[in-house]
Amino acid sequence: MTVVTRFAPSPTGFLHIGGARTALFNWLYTRHHKGRFLLRIEDTDRARSTPEAIAAIIDGLTWLGLDWDGEAIYQSRRSARHAEVAHALLAEGKAYRCWCTPAELDAMRERARAEGRPVRYDGRWRDRDPFEAPSGVEPVIRLKAPQDGATAIADGVQGDVTVANAQLDDMVLLRADGSPTYMLAVVVDDHDMGITQVIRGSDHLTNTFRQVQIFRAMGWPEPGYAHIPLIHGPDGAKLSKRHGALGLEAYRDMGFLPEAMRNYLLRLGWSHGDDETISTEQAIAWFGLESVGRSPARFDMDKLIALNAHYLREADDDRLAEFVVGRLGTPVDAAGRTRLRAGLGGLKTRARTLVELAETARVYASGPTIAIEDKARALLGGDNRPLLAGVRRRLAALPDWSPAALEAALRTSAQAEGRNLGALAQPLRAALTGHTVSPGIFEVMHVLGRELTLARIDAAIE
RNA sequence: GUCCCCUUCGUCUAGCGGCCUAGGACAUCACCCUUUCACGGUGAAGACACGGGUUCGAUUCCCGUAGGGGACGCCA
């Protein structure tokens, strides 16, 4: 049987970390089994669903590199079919009309809570004669759920979970206005789409028992279920905006690489022995529900950053150069681009995010004039000025501008002055980069070229 | 309140009864490398929530307790 999965976000906000991981797990599971991964937009809440949120979800998935099969399905367009199923259940006596008003239900719930009883609908219209229906109230359709026994599911992650049917009430299938509820829509869509495996956040675990009851009432085969633990904030509480509950695009803007995000999200709740850096190919080959943990994981920015630094070092320089130029915010001429590209190797071992990379890349992207930070400026006064002037003369006369030749020249220079290399390299670094920290000084000079190197020294000591 | 789930270093996790003096990664600290800072290398510190069982033997199995999370909508 072909595996069919789906990612079913509701477009009421951005695609956050938790949703992204759910999508990733579905995608990996599907690709591993060579099945079909579908995208369903659960936009039945018309008031809260927005086109911006839909775009954010699609952009987020695309950025993460998770491709879905076929066109995205919009749940809101399927309401006629949902209603059809509700009415079929009604016709078979597996559902019934309920004329309770929202106020009546509120009162019922309040009373139950006050008396310490389970909070749920008491089934008062379950066997009541419809002729007793009050006028002026539109009824909802409720499922006539089993009242005895228990409903069990074999969850791919949580194991066997059983709930007494007495805990579940007769849920609303169709609202008074004829629109389907989430419970109904999900079941009908999962069935119609041929979903074989549902992988979603564990906040849906208790919903599953109700959904399973609808499947059984319709006589439909149930999909397999797997509920993955939620992601919590650093303090162990639910992920909030303070923490990492940002949209994926926020992480992109912070300079994270999609491959780093994928790897990070994968390791949150899933493991493969001691492996830490896992390529997407390996992830597809190795991924399985049995290796998904059952306890919630906390979001840890430091680990994400460390992983990002790793992937930054591994990343292709041409790709990185594109990212950096786009983030510089200032135009870069062709020569600047060439320098930047050539200097990337030394830059990327020192950066952890694309933002940091772009910041340090200004050293190569800029022309003769650069901003000098205070700590660097302090190295450009006093005795260091004549020292730099001496270095400048030697460099100007250097026949060969290779890193090796530059190093030899600086070392003999230092020796001649009776100083160690650092005493010479630091002022030079300050003059050339405007910082006290940079890639190796010979590399910097080599990438900058003779002309720019001399120009920056001149600018620093004039 | 009711029901369900979870619990190994600060964090992510390995462990599926003896291989565990509990392993790895991030973070922290120290040292090495070194023209700065990184990278890299070496090392240190750091955990089985608690209490009962079961067993020759429990981090691993069972039961409680505590703590955390989730669900209880005509939201999704």
Side-chain angles (χ1 to χ4, degrees), chain A residues 8-12 42-45 47-49 75 98 100-102 105-106 109 112-121 138-142 155 157-159 161-164 166-169 171-177 179-183 185-186 201-210 227 229-230 232 234 236-238 264 267-277 290 293-307 309 313 346-352 360 407 410-411 414 420-426 428-430 433 435-442:
Chain A
S10 65
T12 53
E42 307 216 320
D43 56 346
T44 49
D45 187 342
R48 294 199 300 151
S49 299
Q75 197 163 55
C98 166
C100 281
T101 62
L105 292 169
D106 280 348
R109 274 189 278 270
R113 215 178 279 273
E115 293 171 15
R117 286 185 291 109
V119 179
R120 58 184 87 91
Y121 173 66
E138 283 301 316
V140 299
I141 294 179
R142 286 183 183 271
D155 193 278
V157 169
Q158 306 292 338
V161 187
T162 305
V163 161
Q167 291 295 328
L168 278 8
D169 60 7
M171 81 200 96
V172 173
L173 263 18
L174 215 57
R175 299 188 186 106
D177 65 1
S179 65
T181 60
Y182 164 77
M183 290 294 174
V186 165
S202 63
D203 49 338
H204 286 287
L205 182 60
T206 47
N207 287 334
T208 307
F209 300 95
R210 310 177 112 88
H227 290 89
L230 266 17
H232 289 171
K238 197 173 182 175
Y264 177 71
R267 285 288 290 105
L268 226 47
W270 180 86
S271 58
H272 183 268
D274 284 339
D275 293 309
E276 293 290 344
T277 54
E290 66 286 345
R294 294 205 233 182
S295 52
R298 301 185 189 200
F299 179 76
D300 179 14
M301 187 66 108
D302 283 339
K303 189 136 185 179
L304 209 209
I305 289 174
L307 231 22
R313 272 175 252 134
L347 253 25
K348 64 186 186 180
T349 58
R350 270 159 265 255
R352 300 180 306 166
T360 56
E407 175 162 3
L410 274 198
R411 286 195 188 278
N420 59 31
L421 186 56
L424 216 152
Q426 272 311 86
L428 190 53
R429 170 170 288 113
T433 71
H435 297 282
T436 54
V437 168
S438 82
I441 195 66
F442 315 119

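Per chain, numbering begins at 1; letters A, B, ... match sequence-line order. Heavy-atom basis, side chains included; hydrogens, waters and symmetry copies ignored.
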Of the candidate nucleotides [options], which contains the atom at the shortest distance from the side chain of [X]?
X        : options             : answer
A:Thr181 : B:A76, B:A71, B:C37 : B:A76
A:Arg313 : B:A76, B:G40, B:A38 : B:G40
A:Gln426 : B:A76, B:C37, B:U35 : B:U35
A:His232 : B:A76, B:G69, B:A38 : B:G69
A:Val140 : B:U35, B:C74, B:A38 : B:C74

Rounded distance in Å - CG (A:Leu307) to P (B:A25): 13 Å
Nucleotide B:G73, atom C1' - distance to CZ of A:Arg210 in whole Å: 10 Å
Using the [atom1] atom on both, measure [N] against [M] and round to a whole Å.
N     : M     : atom1 : value
B:C9  : B:G23 : C1'   : 12 Å
B:G40 : B:C33 : C1'   : 8 Å
B:C6  : B:C12 : C1'   : 16 Å
B:U42 : B:C48 : C1'   : 28 Å
B:G70 : B:G43 : C1'   : 43 Å
B:C20 : B:U59 : P     : 14 Å
B:G51 : B:A14 : C1'   : 27 Å
B:G18 : B:A30 : P     : 39 Å

Atom pair CE (A:Met183) and OG1 (A:Thr208), whose distance is rounded to the nearest 0.5 Å: 8.5 Å
side-chain N/O A:Arg109 vs B:C74 OP1/OP2, d < 4.0 Å: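 Result: yes.
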OP1 or OP2 of B:U36 under 4.0 Å from side-chain N/O of A:Arg350: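 False: A:Arg350 side-chain N/O out of range (4.0 Å or more) of B:U36 OP1/OP2.
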Touch class at under 4.0 angstrom, heavy-atom based, for A:Leu230 against every strand present: sugar-phosphate
Touch class at under 4.0 angstrom, heavy-atom based, for A:Arg48 against every strand present: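 Base, at least one base atom sits under 4.0 Å.
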Validation row: A:Gln158, A:Arg294 side chains within 4.5 angstrom (heavy atoms):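 A side-chain contact exists here, since the closest heavy-atom pair is under 4.5 Å.
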Measure all distances between protein nitrogen or oxygen atoms and nitrogen or oxygen atoms of nucleotides 2-4 of chain B, and list the pairs falling under 3.5 Å.
{"unit_1": "B:U2", "atom_1": "O2'", "unit_2": "A:Gln167", "atom_2": "OE1", "d": "3.1"}
{"unit_1": "B:C3", "atom_1": "O4'", "unit_2": "A:Gln167", "atom_2": "OE1", "d": "3.2"}

Check: A:Thr12 side chain, A:Arg48 main-chain N or O, donor-acceptor pair, under 3.5 Å: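 No; judged by distance alone, with no hydrogens or angles, the pair does not exist.
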A:Arg352, CZ: over 12 other non-hydrogen atoms inside 6.0 angstrom: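 Counting other residues, nucleotides and ligands, CZ of A:Arg352 stays at 12 neighbours or fewer.
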Quiz item: A:Arg429 side-chain donor-acceptor pair to B:U35 base, under 3.5 Å: yes
Got a list of protein N/O to nucleotides 12-16 of chain B N/O distances below 3.5 Å?
{"unit_1": "B:C12", "atom_1": "OP1", "unit_2": "A:Arg298", "atom_2": "N", "d": "3.0"}
{"unit_1": "B:C12", "atom_1": "O2'", "unit_2": "A:Arg267", "atom_2": "O", "d": "2.8"}
{"unit_1": "B:C12", "atom_1": "O2", "unit_2": "A:Lys303", "atom_2": "NZ", "d": "3.3"}
{"unit_1": "B:U13", "atom_1": "OP1", "unit_2": "A:Gly269", "atom_2": "N", "d": "2.5"}
{"unit_1": "B:U13", "atom_1": "O3'", "unit_2": "A:Ser271", "atom_2": "OG", "d": "3.2"}
{"unit_1": "B:A14", "atom_1": "OP1", "unit_2": "A:Ser271", "atom_2": "OG", "d": "2.8"}

